[in-house]
There are 2 protein chains.
Amino acid sequence: MPMNAPAFPLEALAPIDQRPDRDSFTISDLCAEFSVTPRALRFYEDEGLIGPERRGTTRIYSHRDRARLAWILRGKRVGFSLAEIREMIDLYDVGDGRSTQKQFTLERCLERIELLENQKRDIDAHITELQQFVDLLKSSD
Amino acid sequence: MPMNAPAFPLEALAPIDQRPDRDSFTISDLCAEFSVTPRALRFYEDEGLIGPERRGTTRIYSHRDRARLAWILRGKRVGFSLAEIREMIDLYDVGDGRSTQKQFTLERCLERIELLENQKRDIDAHITELQQFVDLLKSSD
DNA sequence: CCTTCCCCTTACGTGAACGTCAATCAAATT
DNA sequence: AATTTGATTGACGTTCACGTAAGGGGAAGG
């Protein structure tokens, strides 16, 4: 479980609003910013999704940890389980040069993309149906 | 819980591939078609999401039930809980003319639509990031 | 010094969404 | 007539994603 120095750091891919004003965050910082509980963050850590440093026993979250968290939460919002999210994160961390590994990673990524595009279609269908119903409600006045 | 004769029947809104060849379905028909277990369908019934007729004790699913099931499963795929899905289904069933009710329903629908569009944005972001990663993998050969 | 925060860990509890027997029944097949 | 097939209803088990005490450490303020 290579939690340190990912080959393709997430913040390079997920340039969510940078915050150069600070360069580390406490657990309650991130909890406030992303509206999650400390319990949740510690749970994600237990599950191997984040690995913040420690000053003594206290967790210190870097910008990369913050970007990783953003990724995790968005993954959740689009319906992935934590296990699936970890799997996807791990994909980013395998850039070790082994080309068979790379091939495997690539295929999994393409699978994911297709899955997400199916979801988009589902969502679009859902939206248009709701929209039609809304129109029907409005027209029946 | 008005399970019968919805004001705005779902099959009018969800014209999933019609099947005029049959006009009722058994539980295992639908299980096979939608890849769910009987247990799941009975659970949905316990939760008030579907209400098929009975021939004796055996469940008989109509086209409307089938369309309703398709709606439920798609709702699940886009991340809604069964409780939320039931809530949405109930919205379709309140076309009783009370205009305050209608107003409420309309607002909830618009909320749902916005929520779904946010999800679409999340998915798009997810896709572009994965795509960038894929490109990066491909280019590093 | 004592209290107030904020952090930590360990551990058990919980709600959602089913899975998994177990026992039963009715219709269809051999 | 006996068996197989597919349906039913409980009732209990399970996994996921945390919630909720319960107990404790360390630093800052009155």
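- When the ring pair (Phe, Tyr, Trp, His ring centres under 6.0 Å) test is applied to Y61(A), no partner is found at least two apart in sequence or on another chain.
- Contact record, L30(B) with V36(B): O-CG2, 4.4 Å, taken as the closest heavy-atom pair.
- Closest approach of I60(B) and R54(B) over heavy atoms only: CG1-C, 4.4 Å.
- Rounded to whole angstrom, the span from the CD atom of E84(A) across to the C1' atom of dC16(D) amounts to 12 Å.
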Worksheet entry | Evaluation steps, side-chain hydrogen bond (donor to acceptor under 3.5 Å, both in side chains), between T26(B) and D29(B) | CA-CA 5 Å; T26(B) 168; D29(B) 286 345; 5.1 Å; no
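- With hydrophobic clusters built from ILVMFWY side chains whose heavy atoms lie under 4.5 angstrom apart, Y44(A) shares a cluster with F34(A).
- Separating the CZ atom of F25(B) from the C1' atom of dG6(D) is a distance of 18 Å, rounded to the nearest angstrom.
- Residues I85(A) and L110(A) share a hydrophobic cluster, clusters being chains of Ile/Leu/Val/Met/Phe/Trp/Tyr side chains in contact below 4.5 Å.
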Atom pairs under 3.5 Å, N or O on each side, protein against nucleotides 8-11 of chain D: can you list them with distances?
| unit_1 | atom_1 | unit_2 | atom_2 | d |
| --- | --- | --- | --- | --- |
| dT8(D) | OP1 | R59(B) | N | 3.0 |
| dT8(D) | OP1 | R59(B) | NH1 | 2.9 |
| dT8(D) | OP2 | R42(B) | NE | 3.2 |
| dT8(D) | OP2 | R42(B) | NH2 | 2.6 |
| dT8(D) | O5' | R59(B) | NH1 | 3.2 |
| dT9(D) | OP1 | R54(B) | NH1 | 3.2 |
| dT9(D) | OP1 | R54(B) | NH2 | 3.3 |
| dT9(D) | OP1 | R59(B) | NH2 | 3.4 |
| dT9(D) | OP2 | R59(B) | NH1 | 3.0 |
| dT9(D) | OP2 | R59(B) | NH2 | 2.8 |

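- F80(A) has its CZ atom 16 Å from the C1' atom of dC16(D), to the nearest Å.
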Donor-acceptor pairs under 3.5 angstrom involving side-chain atoms of residues 76-83 of chain B: please list them, not counting sequence neighbours.
| unit_1 | atom_1 | unit_2 | atom_2 | d |
| --- | --- | --- | --- | --- |
| R77(B) | NE | D122(A) | OD2 | 2.6 |
| R77(B) | NH2 | D122(A) | OD1 | 3.1 |
| S81(B) | OG | A83(B) | N | 3.4 |
| S81(B) | OG | E84(B) | N | 3.2 |
| S81(B) | OG | E84(B) | OE1 | 3.4 |

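- Looking only at side-chain heavy atoms (C-beta outward), R74(A) and Q119(B) stay at 4.5 Å or farther from each other.
- Using a 4.5 Å cut-off on side-chain heavy atoms (C-beta onward), F133(B) and T105(A) make contact.
- Nucleotides of DNA chain C that come within less than 4.0 Å of any heavy atom of chain B span, from the 5' end to the 3' end, dA17(C) to dT20(C).
- For dC18(D), the OP1/OP2 oxygens have a side-chain nitrogen or oxygen of Y44(A) closer than 4.0 Å.
- Between K76(B) and T26(A), the residue whose closest nucleotide on DNA chain C is further toward the 5' end is T26(A).
- N118(B) pairs by the side-chain contact (heavy atoms from CB on, under 4.5 Å) definition with R121(B), not counting sequence neighbours.
- The nearest whole Å value for the distance from the CG atom in L41(A) to the C1' atom in dG19(D) is 14 Å.
- Within the 4.5 Å cutoff, the side chain of K120(B) has no heavy atoms near those of the I123(B) side chain.
- What separates CG of L49(A) from P of dC16(D) is a distance of 13 Å, to the nearest Å.
- Note on the helix from dC1(C)-dG30(D) to dT30(C)-dA1(D): terminal axis deviation equals 10°, with five pairs used at each end and the result rounded to 10°.
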